[in-house]
Amino acid sequence: MQIKVMTSILERNDQISAALQERFEKAGIFVLNLLGSPGCGKTSLLEKTIHALKDTLSIAVIEGDLFTAKDAERIEQHGVPVVQINTAGGCHLDANMIDGVLDCLDLDTLDVIVIENVGNLVCPAEFNIGEDCKVTVLSITEGDDKPLKYPLIFKQASAVILNKIDLLPYTNFDLKAAEKDITSIHPGITLLPVSCQTGTGLETWFNWLIEQVQIKKGKESK
Amino acid sequence: MHEMSIAQGILDIVLKTAAEHNAVRISYIKLLIGQMTQIEPESLTFGFAALAANTIADGAKVDITIVPLVGECNGCGQQFTVERYSFLCPLCQSANVLVVSGRELAVDYLEVE
Ligand SMILES: Nc1nc2c(ncn2[C@@H]2O[C@H](COP(=O)(O)OP(=O)(O)O)[C@@H](O)[C@H]2O)c(=O)[nH]1
Ligand SMILES: [Mg+2]
Ligand SMILES: [Zn+2]
């Protein structure tokens with residue numbers, strides 16, 4: 001006997017993600033899913049962001065990592081709430097994992113939750129985790145061919161941060177070519193070249209983030 | 001590899017569907033996988049076979065149809081196959097392009113006994 005099913009394999013994850021979104025919506029929290037390869041600078045960017053915006057926004061961080069709590073320890077030094085999720089070898093965070101740790105955070109006091117996903121350009125792109133948007137970090141040392149090699153993570157992102165531009169003179173990374181590829185994958189995407197080392201471009205990133213939070217708050221008060 | 005969690009998702013769906021139809025064995029599973037998904041078909045079928053052992057889906061043939069990536073221009077209405085992941089309309093250069101297919105990750109149908 002043949003049975004027609006036509007069910008999305010990610011349906012269960014998407015349902016939990018939608019329930020999380022509803023919870024965040026009620027609490028008026030902007031949630032960002034921060035993606036990118038290991039070493040592209042996700043934690044560095046977070047540290048800079050917290051340092052600059054700590055007095056403007058109430059920020060909490062959820063750290064996804066295979067086995068360690070190293071990144072969570074770095075974030076903790078900046079005096080914001082942080083929760084560690086160890087995926088024990090799992091290559092991405094899923095909605096259920098986020099659901100499992102939310103009770104560790106006081107949602108009523110927060111404006112922003114940043115979730116640093118497991119370092120990986122492939123798997124995390126498929127799994128929604130209750131976020132308002134995804135932001136992908138690509139660093140100059142990874143090579144300008146990566147957008148076309150891993151298009152989905154750039155298609156799903158609302159903004160792409162091109163980090164480590166201080167290293168441009170020492171590499172063959174073609175910034176214009178990379179920006180062109182990312183824009184053809186995702187026309188209209190926000191591109192933010194920065195250096196977490198020198199601070200170049202970070203102000204523009206902070207302003208983008210503040211604007212997203214304000215848009216979210218505006219929606220909530222209606 | 002996230003193919004394992006995708007395989008688990010497939011197993012959950014097929015076992016639930018089979019139970020609803022009082023089936024005793026699942027012999028064939030048809031999957032639709034979009035071209036713009038991050039799935040390695042071989043890892044997926046391998047992972048599924050491992051997970052399905054000792055269930056009524058043990059030994060089921062998993063058949064995958066890859067769905068091509070197709071866009072539709074909201075400007076001029078043109079449908080086109082997306083080449084090199086360029087989502088600009090090849091006819092009018094509009095950036096306002098809808099993804100019509102190519103993002104599927106679905107169980108299409110089953111054969112059961
Ligand atoms: N030169 C340079 N190094 C950076 C920059 N941002 C981060 N790094 C370095 O890159 C390495 C990995 O950074 P980290 O934030 O741990 O990356 P993550 O794995 O994505 O969280 C660290 O040694 C950082 O100091 C940058 O803009 N320029
Ligand atoms: Mg990190
Ligand atoms: Zn057009």
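Within every chain, numbering begins at 1; the chains are lettered A, B, ... in the order of the sequence lines, protein sequences first and strands thereafter.
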Against chain A, label B:Arg84 side chain, backbone, both or neither, depending on which of its atoms sit under 4.5 Å from a heavy atom there. both
Compute whether any side-chain donor of one residue and acceptor of the other, for A:Gln84 and A:Glu63, lie under 3.5 angstrom apart. no
Is the closest side-chain donor-acceptor distance between A:Asn207 and A:Glu211 under 3.5 Å? no
Most heavy-atom pairs under 4.5 angstrom with chain B, which of A:Val122, A:Thr183, A:Leu10, A:Asp181? A:Val122
Strictly less than 4.5 Å between heavy atoms, which residues of residues 160-171 of chain A line up against chain B? Please order them by number. none
Using the rule side chain to side chain donor-acceptor pair (under 3.5 Å), only one of A:Gln156, A:Glu131, A:Lys134 pairs with A:Asn33; which is it? A:Glu131
Any donor-acceptor pair under 3.5 Å from B:Thr55 side chain to B:Ala52 backbone: yes
CA sep, side-chain torsions, deciding dist, call: B:Leu11, B:Gln8, side chain to side chain contact (heavy atoms under 4.5 Å, CB included): CA-CA 5 Å; B:Leu11 186 64; B:Gln8 184 63 53; 4.3 Å; yes
Tell me, side chain or backbone of A:Phe127 under 4.5 Å from chain B's heavy atoms, or both, or neither? side chain
Could you go through the side chain to side chain contact (heavy atoms under 4.5 Å, CB included) check for A:Arg23 and A:Leu107 one step at a time? CA-CA 9 Å; A:Arg23 249 180 106 178; A:Leu107 296 188; 4.0 Å; yes
Below 4.5 Å from any heavy atom of chain A, which atoms of B:Ile13 appear? Answer side chain, backbone, both or neither. side chain
For A:Asn13 and A:Asn128, which I'm curious about, is there any donor-acceptor pair between the side chains at under 3.5 Å? no
Backbone of A:Leu93 reached by a side-chain donor or acceptor of A:Asn117 within 3.5 Å: yes
Considering only heavy atoms, which portion of A:Glu126 lies under 4.5 Å from any heavy atom of chain B: side chain, backbone, both, or neither? side chain
Where does B:Ser27 contact chain A at under 4.5 Å (heavy atoms): side chain, backbone, both or neither? neither
Go through the atoms of B:Val82 and report whether side chain, backbone, both or neither lie under 4.5 Å from a heavy atom of chain A. neither
Strictly below 4.0 Å, N to O, side chains only: are A:Lys216 and A:Asp132 in salt-bridge contact? yes
